[in-house]
Structure formats: C-alpha cells, structure tokens
Trainee: 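I'd like to ask you about the structure that follows.
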Amino acid sequence: MSDTYSYLGPSGTFTEAALAQVPEAQGQEWRSVNNVGEALDDVVSGRSVAAMIAIENSIEGGVTATLDALARTPGLRIVGEYLVRVSFVLVARPGTTLEDVRVVGAHPVAYAQCRQWLDANLPTHGHIPATSNVAAALDLFATDHADAALAPPAIVRHHDLVVLAEDVTDNANSVTRFVLVSRSTRMPEPTGADKTSLIVELPDDRPGALLEMLEQFSTRGVNLSLLQSRPIGDALGRYRFVVDADGHVRDERVADALLGLRRFSPRITFLGSYPRADRAPVEYVSRYDDGVFVEARDWLRGLISGEPDVPESL
Ligand SMILES: O=C(O)C(=O)Cc1ccccc1
C-alpha cells in the first residue's frame, strides 16, 4: 500500500514543486488540499504520512497561517526543509488585456511579493485572495470575480490562459522555504548541517523576558535564523515566538539551550530537528563543542562524588 502525502494544491503549485524534491514521496499518493490546516489535519488523523507546507518567504517572512497552525496543532514534527525559487506571471482569460484588469486574484503571500509591480502598473486594482497560486488562476474559469491572477509561470502549459505580464515579482531572488511535517517521533539523525524549530511563550510580561529567552541561545553559542512573533490571541500584547536555531537537539549546545528554555518558559513546542535545505555545515566556536559540554559534566560529577578538583594544567 502506498503512503499519502498532502500538499497545497491543485497540481502546479510551488508546494507541489517542493514535494517533488522529497525522494521518499516519489511514486506515492499525493493528496491536494485547500489550506495548511487541512494538510496538518491529514497528518494528525493518520490519513497522510506527511504534509508539505510553506513556512517562510524571503520577501514576506514567516507564513503566518502556517506558523499559527503549527502552534495550534500538537504532536507534529518537521522532518525536512526544501527551498523553491518563486516567480509569478499575471494571467487572464483569453481576450483580456492589461487595460481590462480591475481585480486581481492571488494567494496572499504571492500578492505581497508582487505589490510594487501591481501598484505601479495597476494602481487602482482590487485584490481577491485565493487558496493557492494555481487556485487563483483556475478561479478565473469558475467565476468572474477577478479579471487576472498571479500564478506560477508554468500555468500556461496546462491551462488556456494568456500572460498579460511576465515576471511581475518585485524581487527576482524570491525564495520560499517549505517544510515536510509528519507525526513520527523518529527524529532525523544529526548531519552537522541541521536546524531546530521551536515555538516559545514568554513566562510573563516583565522587562527583559525576551532578552532572557535569547540569552539561552547566545550563552551556548547557538545562532538563530528565524525569530518571528505571533499573537497568542488571548489578549493584546501577548506573543509567542517562532524560533529556528542552528544545530540539532542532539548537539550538546542546542540540548543545553533547550534545558535553559524549559526552565524559563511555561510553554515550549518542539517542532523538530532536521537537515538544512542548503546542507551548509553549522558554524560555531570551539568552546561550544560537544566535548566541552561532556567534560564540564564529568568534572561536576567528579566534584559531587568526591574526586579532588585538580586543575588540568597541574
Ligand atoms: O504553493 C503554492 O503555490 C502556494 O500557493 C503557496 C505559496 C504562496 C506564495 C509563495 C510560495 C508558496
């Protein structure tokens, strides 16, 4: 029996392109869903073994719908990350010209990435949000609410659409980071080029609480590659923080930082340790090597068990 992988569809989305990078998903069943919550529900219920979801864009930052869904859904683990270069074209039903366009359908993350082009070329346009980049284009056939849509360039190979403008993305180097999420508690092995994702709530509203959270990483030489605040939702001014830290939880310095965080924060969600998409080895200074932590622990154990505390140089 084949495994099922959920992804934001329909076929042709960037999320599908990210899933195409996962060797173990090839030849398996791919299930197209309409939103991130549905993809994660598939994993929680066991309907799918894993789901591919967009988590961060180089222009727009964290994908808020994804960060909030991950914070709300317990028992999930990120097992891998994948990068996809994204660019958009403006498409329309045949016969439409740029002058006819009043309303543009687009996924909100896509819309944010093409804002400057749209403001310059269609200054009075309206925006209708779509569930995905491909859905935005297909909606043009289903309704007449939008006159044009932002879509991946390959869309015109499969659908009868005209391109009104090529490459409408404001930044040519836009990259989106996707993560593969599963229910499995079996963690990917450390590779030396890993990332650890967490969601941390601050203990209370007091001066320096955020600084204290960040100190847990800095005093162990752990670099952060993402820090994004998201409202907890119960009151104004209450935030949780989504954190990506360099390294694997089985690296001593990351484990030690997590112990510090656990003592400090009332709520931590461990989202997983997994290989970085770029496979770039994590850099850190040598005093944070695994061996240094092990030696310090042995020294403490020795002190407690009554061994004489002899400085190494003697
Ligand atoms: O996967 C897609 O194509 C999506 O619709 C989500 C998305 C939106 C914007 C950038 C990358 C992915």
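What's counted below: heavy atoms across the whole structure, side chains too, no hydrogens, waters or symmetry copies. Start at 1 and go down the list; that is how both ligands and their atoms are numbered. In this chain, numbering begins with 1 at the start of the sequence shown.
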Trainee: Among Arg177, Arg276, Arg279, find the one that has a salt bridge (charged side-chain N to carboxylate O under 4.0 Å, His left out) with Glu81.
Mentor: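 Single salt bridge (charged side-chain N to carboxylate O under 4.0 Å, His left out) partner of Glu81 among Arg177, Arg276, Arg279: Arg177.
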Trainee: Look at atom 9 (C) of ligand 1 and find which of Val134, Val109, Val63 reaches it with the closest heavy atom.
Mentor: Val109
Trainee: Any side-chain donor-acceptor pair under 3.5 Å between Glu16 and Ser11?
Mentor: yes
Trainee: Which bit of Leu8 is near ligand 1, meaning a heavy atom under 4.0 Å away: side chain, backbone, both or neither?
Mentor: side chain
Trainee: Look only at interatomic distance and state if Phe88 has a nitrogen or oxygen under 3.5 Å from any nitrogen or oxygen of ligand 1.
Mentor: no
Trainee: I want to check a possible cation-pi pair here: Arg253 against Phe293, using under 6.0 Å from ring centre and within 45° of the ring axis as the test.
Mentor: no
Trainee: Quick one: does Gln113 get within less than 4.0 Å of ligand 1, heavy atoms only?
Mentor: yes
Trainee: Provide, to 0.1 Å, the distance between atom 11 (C) of ligand 1 and the closest protein heavy atom, together with that atom's residue and name.
Mentor: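 That would be Thr176 OG1, 3.5 Å.
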Trainee: Please classify the Glu16 to ligand 1 contact at 4.0 Å (heavy-atom distances, strictly less than): side chain, backbone, both or neither.
Mentor: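 Within the 4.0 Å criterion, Glu16 makes no contact with ligand 1.
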Trainee: Does the side chain of Ser174 pick up a donor-acceptor pair with the side chain of Thr169 at under 3.5 Å?
Mentor: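 Judged by distance alone, the side chains do not pair up.
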Trainee: Show me the side-chain donor-acceptor pairs of residues 134-144 shorter than 3.5 Å, one per line, residues at least two apart or across chains.
Mentor:
unit_1: Thr143; atom_1: OG1; unit_2: Asp139; atom_2: O; d: 3.4
unit_1: Thr143; atom_1: OG1; unit_2: His145; atom_2: N; d: 3.3

Trainee: Distance-only, no hydrogens or angles: does the Gln116 side chain make a donor-acceptor pair with backbone N or O of Asp170 under 3.5 Å?
Mentor: no
Trainee: Given the side-chain rings of Phe14 and Tyr7, with only the six-membered ring counted for Trp, is the space between their centroids under 6.0 Å?
Mentor: no
Trainee: Which protein non-hydrogen atom lies closest to atom 1 (O) of ligand 1, naming both residue and atom, and how far is it?
Mentor: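 Going by distance alone, atom 1 (O) of ligand 1 is nearest to Thr15 OG1, 2.4 Å.
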Trainee: Within a distance under 4.0 Å of any heavy atom of Ser132, pick out the atoms of ligand 1 and give their elements.
Mentor: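 Within the 4.0 Å cut-off of Ser132, ligand 1 contributes 5 (O).
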Trainee: For atom 3 (O) of ligand 1, what's the nearest protein heavy atom and its distance?
Mentor: Asn133 ND2, 2.6 Å
